[in-house]
S.K.: 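The following block contains the structure, expressed as structure tokens.
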There are 2 protein chains.
Amino acid sequence: MSPDPGGVSRRGLLGLAIGAGAAGLAIGAGAGATAGVAVGRARAETAAAVHPFFGGHQSGITTPVQDRLHFASFDMMARTDRDDLVSLLQDWTYAAARMTQGLDVSVSGAVGGSPEAPPDDTGEALGLPASSLTITFGFGPTLFELDGVDRYGIAAQRPSTLEQLPAFVGDDLDPNASGGDLCIQACADDPQVAVHAIRNLSRIAFGRARLRWSQLGFGRTSRTTTAQQTPRNLFGFKDGTRNILSDDTAALDEHVWVAASDTPAWMAGGSYLVARKIAMLIETWDRVRLSEQNDIIGRTKGEGAPLSGGDEYTEPDFAAADTTGAPVIPVDSHVRLAHPDANEGTRMLRRGYNFVDGNNDLGRLDAGLFFLSYQRDPGQFIRVQRSLSTDVMSEYIRHVRSGLWAIPPGAAPGSYVGAGLLS
Amino acid sequence: MSPDPGGVSRRGLLGLAIGAGAAGLAIGAGAGATAGVAVGRARAETAAAVHPFFGGHQSGITTPVQDRLHFASFDMMARTDRDDLVSLLQDWTYAAARMTQGLDVSVSGAVGGSPEAPPDDTGEALGLPASSLTITFGFGPTLFELDGVDRYGIAAQRPSTLEQLPAFVGDDLDPNASGGDLCIQACADDPQVAVHAIRNLSRIAFGRARLRWSQLGFGRTSRTTTAQQTPRNLFGFKDGTRNILSDDTAALDEHVWVAASDTPAWMAGGSYLVARKIAMLIETWDRVRLSEQNDIIGRTKGEGAPLSGGDEYTEPDFAAADTTGAPVIPVDSHVRLAHPDANEGTRMLRRGYNFVDGNNDLGRLDAGLFFLSYQRDPGQFIRVQRSLSTDVMSEYIRHVRSGLWAIPPGAAPGSYVGAGLLS
């Protein structure tokens, strides 16, 4: 059965109606997403709490960083074909468009379908508003080619830079909890809404794709608008002060969005996402004296001002020296090594999250930063990460998970995420 | 060195000043908690977002259930003595009293101490308001006696009902992630504030107690005031509709608070906490048809009304029968088996949380309910849990962690939690 090019196939819609016997559904994704029946979900949310799903770029990149995260990586199941991939992306688009509006995953909903079928929606977000939910999809290198096999007939369309990231100093990666054919970033101001999204998208993938690894983040560490305050990471420092902001269209065009002149053409308006789970040795860090913490970061812990003076938003003066001639901002400080000045102007849009995943047998919290950065080219991350190889902060962190995904442009109403690649 | 009975010992205070050289501090816990210097923490929060730490009962029980949880269980270190336990509880009291007011853990704070010492406070909550933080402390059976040894001279004071819970149908407990000499429940509306509390209390315990296991919860599942809506658990059902509410003082006195006439006397005004980590087989549950889900719970998924009719707050009519004479609320439904009518009037105050801890190798979310209940006597939980042995819902859950703690009464200003036991 062939999908309707650029549209939502009947197969896709049927795939969504998981055992619900809802074969009568025939609503296009665009209409269904915005005009579907709200089953018990509150509609009183402010406009600011609802972000559009369709558009030239996917939401969840320049969107004001929401407070909570549920991130998931998926692998396609064995023996799936191109039609399966297309129908999955269509179903995900349909459900994501609805959920980001505060609706159930399908019109038959959690309680509106037949009592003799499982509900389409798992129900835990019933009554909750959209809560700024964004759902952002990505394609990993292995989707294009796995062990030399072009499973979905898209190997020729793979961006040349979409390949496994090189090894970096400080890597201690778990290969089973890294990478993945597909990824979904769900961000919301209510974690129950983000969890509901990942859970239902995972359920919709049944038989086609399977959750490979996933990560919750409880607190944002970046800002993408001037209205947002800079939050703190688990080293206790402000993180993301110099992030690329959503109103800086020149910087976004230069550093974040794939241009129409870039290749491949289907990525225009998209971006590349690097995810790194960074374990922080917080008990060790907490024993470091304040002056040394400041030197390692290159900023003051309280204000977040560069050690060269001023306030949080003052540009660091890397040439400033003390009376002995030593640089005030140490040469191996994080802010210096990560700064565009040390990286030929390289910048990224970051939207990482703090995490705590219980504790280990020594009674230490399994805590850290789930780093997420969007860039026009994966080389930007590689450039900066290599610069950080002499970062003293490396002694207090370990990179334990990693992934790189191509983030396609947003879907047009009536179409689906990835249509430019697969149609 | 003997602690000052009923007060905060100098040793306790020095124990708090971890490497900060703050030997000059000499502030009583009461004064320090309310009059300490706020170092960069916002003070503009509404009164409703700040809960008192001192009082006849500990906060975090009848307090309106906050949205987020960080729970931690601790074991005392080998070779600690009674003075260590007292100083730990004094230091924890001092820090908890400050943090619940939105302050740093000590007056030297995250950035206010000597630059040549590690900061007392880890800093990630700098600038955040109190966020309704409550910190609730408990004493496990092993604190009173471990392998027959009365380590702290308190075995004679152990409540007779404070012992390991019996085995229940459906138990699949991890002994290494169950129990514990001490527990701390940190609840807040901002998870960063709850995490900050557990992290700093764990740090303060250095050398005296060590984190045994811990759990984050992202969404509350109960309400303790009529103003709160009933939230949903990860089965998609409203949970906690019939909870004991904070204004029902008669029910609190009968079911939650240990009475002055109960034994031992030092527990008067306290309670007993049962924690159970309940894994939900959500993928299996999600394949159950809606009518069967409703029958298993005994309520409707959408409204949460009992199957005998009415709305969420209508009392279930367990005698109601359909035209065939069968009970409308099935005999093995959760609501029937957990109801006071099936348990000689037994009730508990619940304040559980939804959790997701990643996923397993099969791509299934490691998700469920972190059940927390407060009761006047542990026998109340045991009574209801045994009643649930025929609960059909048991097929969809597994109890994987468990603990029971005596929750002492609240501390008086100038004193510390547990003074009634240890002074």
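Order of the sequence lines sets the chain letters (A, B, ...), proteins ahead of strands, with each chain counted from 1. Computed from a prediction, not measured in an experiment: that's the story for all the values here. Heavy atoms only: backbone and side chains are in, while hydrogens, waters and symmetry mates are out.
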S.K.: Going by atom types alone, do B:D286 and A:T122 pair a side-chain donor with an acceptor below 3.5 Å?
M.R.: no
S.K.: Have B:N354 and A:E124 got a donor and an acceptor in their side chains that come within less than 3.5 Å?
M.R.: no
S.K.: Contact part of A:D239 toward chain B, heavy-atom cut-off under 4.5 Å: side chain, backbone, both or neither?
M.R.: neither
S.K.: Can you confirm whether more than 12 heavy atoms, excluding those of B:D361, are under 6.0 Å from its CG atom?
M.R.: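 Open: at most 12 neighbouring heavy atoms sit under 6.0 Å from CG of B:D361.
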S.K.: Is chain A contacted by the side chain of B:R210, its backbone, both, or neither, given a heavy-atom distance below 4.5 Å?
M.R.: side chain
S.K.: Where does B:L216 contact chain A at under 4.5 Å (heavy atoms): side chain, backbone, both or neither?
M.R.: side chain
S.K.: Please rank A:Q229, A:K238, A:R68 by heavy-atom pairs under 4.5 Å with chain B and give me the top one.
M.R.: A:R68
S.K.: If you measure from CG on B:D67 to CG on A:D190, what distance do you get to the nearest 0.5 Å?
M.R.: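 Rounded to the nearest 0.5 Å, the CG-CG separation comes to 7.5 Å.
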S.K.: I want to check something: taking the side chain as every heavy atom from C-beta on, are B:V356 and A:H70 in contact at a cut-off of under 4.5 Å?
M.R.: yes
S.K.: Can you see which heavy atom on A:G363 is nearest to which on B:S202, and at what distance?
M.R.: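 Closest heavy-atom pair between A:G363 and B:S202: O-OG, 4.4 Å.
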S.K.: Can you check whether B:I282 reaches A:R203 side chain to side chain, under 4.5 Å on heavy atoms?
M.R.: no
S.K.: Among the options A:R212, A:K301, A:Q215, pick out the one with the most heavy-atom pairs lying under 4.5 Å from chain B.
M.R.: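 Ranked by contacts with chain B, first place is A:K301.
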S.K.: List the steps, then state whether side-chain contact (heavy atoms from CB on, under 4.5 Å) holds for B:L365 with A:R199.
M.R.: CA-CA 8 Å; B:L365 286 173; A:R199 175 183 181 183; 3.9 Å; yes
S.K.: Could you check B:F206 against A:R287 for side-chain contact (heavy atoms from CB on, under 4.5 Å), going step by step and ending with a plain yes or no?
M.R.: CA-CA 11 Å; B:F206 183 79; A:R287 286 186 211 112; 3.8 Å; yes
S.K.: Can you tell me which portion of B:D366 sits under 4.5 Å from chain A's heavy atoms? Options are side chain, backbone, both or neither.
M.R.: neither
S.K.: How long is the gap from CG on B:N359 to CH2 on A:W213, to the nearest 0.5 Å?
M.R.: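 The distance works out to 10.0 Å.
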S.K.: With a 4.5 angstrom heavy-atom cut-off, is it the side chain or the backbone of B:Q192 that approaches chain A, or both, or neither?
M.R.: both
S.K.: With only heavy atoms counted, which part of B:F235 is less than 4.5 Å from chain A, the side chain, the backbone, both or neither?
M.R.: backbone
S.K.: Who in residues 288-296 of chain A is close to chain B, using a strict under-4.5 Å heavy-atom cut-off?
M.R.: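 Residues in range: A:V288, A:R289, A:L290, A:S291, A:Q293.
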